[in-house]
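Heads up, the thing below is written out as structure tokens.
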Amino acid sequence: MNIQLKSTKTVFLQLVPLNDDISEIFSSKNEISNESKFEFGLEVKFSESDKDEFAVVIHSELSRKDKFTLQAVFSAEFKAEGKESEFNKKFKESKFPYINAPAIAYPFFRAMIANTLVNCGLEPYYLPSVNFERLYREKIGNN
């Protein structure tokens, strides 16, 4: 079975300033510090109509204390080529959709966040790396 990334897209994006003085948000003092908070979650969705497609959906919130909050929903769609019988319950329960596919999608998501901030005139924030294997183990209860 051949699985490939079909597309990525930002489904939702909201950037909200938390300060009344807009000029302060864009100041050069806008350094990355412990004042930042990043939370994210992901889910895998299998298509009902196209039995050989699935998507990894990332939900996130990035906050910079007294500066802004950025909320985003990002989707990466994958397509499996091969016999339809290969893309069955066994594949859906395998590690690939929950570990490998998010690991493929996450760099695109990271770039979108950094580029959005830069394009808005803010300092880029490079999201941390994520260990999807560890997240998967925690989800299924095998620490």
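Hydrogens, waters and symmetry mates play no part in the numbers below; they use all other heavy atoms, side chains included. Predicted, not measured: the structure shown is a model, and the values here were computed from it.
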Treating Ile, Leu, Val, Met, Phe, Trp and Tyr as nodes and any side-chain heavy-atom pair under 4.5 angstrom as an edge, say whether F46 and F74 lie in one connected cluster. yes
Heavy-atom pair with the smallest gap, counting every atom of V57 and K45: CG2-CD, 4.2 Å
For the hydrophobic clusters of this structure (ILVMFWY residues joined by side-chain heavy atoms under 4.5 Å, transitively), does one cluster hold both F12 and I58? no
Distance, nearest 0.5 Å, that separates CG of D52 from NZ of K79: 3.5 Å
With a 4.5 Å limit on heavy-atom distance, are the side chains of L122 and L15 in contact? yes
Ring centers of Y106, F132 separated by less than 6.0 Å: yes
Closest approach of V73 and H59, non-hydrogen atoms and distance? CG2-ND1, 3.8 Å
Residues, nucleotides or ligands: over 12 heavy atoms within 6.0 Å of Q4 CD: yes
Of all heavy-atom pairs linking P128 and F38, the shortest is CD-CD2, 4.0 Å
Whether K95 engages the ring of Y136 as a cation-pi pair (distance to the six-membered ring centre under 6.0 angstrom, angle to the ring normal within 45°) should be assessed. no
Are I140 and V130 connected, step by step, through hydrophobic side chains (Ile, Leu, Val, Met, Phe, Trp, Tyr) whose heavy atoms are closer than 4.5 Å? yes
Is the closest side-chain heavy-atom distance between P97 and F91 below 4.5 Å? yes
Give, for atom CG of N100 and atom CD of E133, the distance between the pair rounded to the nearest 0.5 Å. 8.5 Å
In short, Y98 meets P102 closest at the heavy-atom pair O-CG, 3.4 Å
Test L117 against L62 for side chain to side chain contact (heavy atoms under 4.5 Å, CB included), laying out the working first. CA-CA 11 Å; L117 292 173; L62 171 62; 4.0 Å; yes
Nearest heavy-atom approach of L127 to R110 is O-NH2, 2.6 Å
To the closest 0.5 Å, what do you measure between NZ (K139) and CG (L42)? 7.0 Å
Measure the CZ-OG distance between F78 and S7 for me, rounded to the nearest 0.5 Å. 9.5 Å
If you define the side chain from C-beta out and look only at heavy atoms, does anything of L13 sit under 4.5 Å from L70? yes
Residue pair T10, T116: steps toward the side chain to side chain contact (heavy atoms under 4.5 Å, CB included) verdict: CA-CA 11 Å; T10 304; T116 297; over 6 Å; no
What's the separation between atom OG in S47 and atom CZ in F54, rounded to the nearest 0.5 Å? 11.5 Å
Common cluster, V118/Y126, ILVMFWY with side-chain heavy-atom separation under 4.5 Å: no
How many angstroms lie between atom CD1 of I113 and atom OH of Y125, to the nearest 0.5 angstrom? 11.0 Å
Intermediate values then yes/no, side chain to side chain contact (heavy atoms under 4.5 Å, CB included), C120 and F68: CA-CA 11 Å; C120 290; F68 65 84; over 6 Å; no
Minimum heavy-atom separation for F40 and S60, please, with both atom names. CB-CB, 3.9 Å
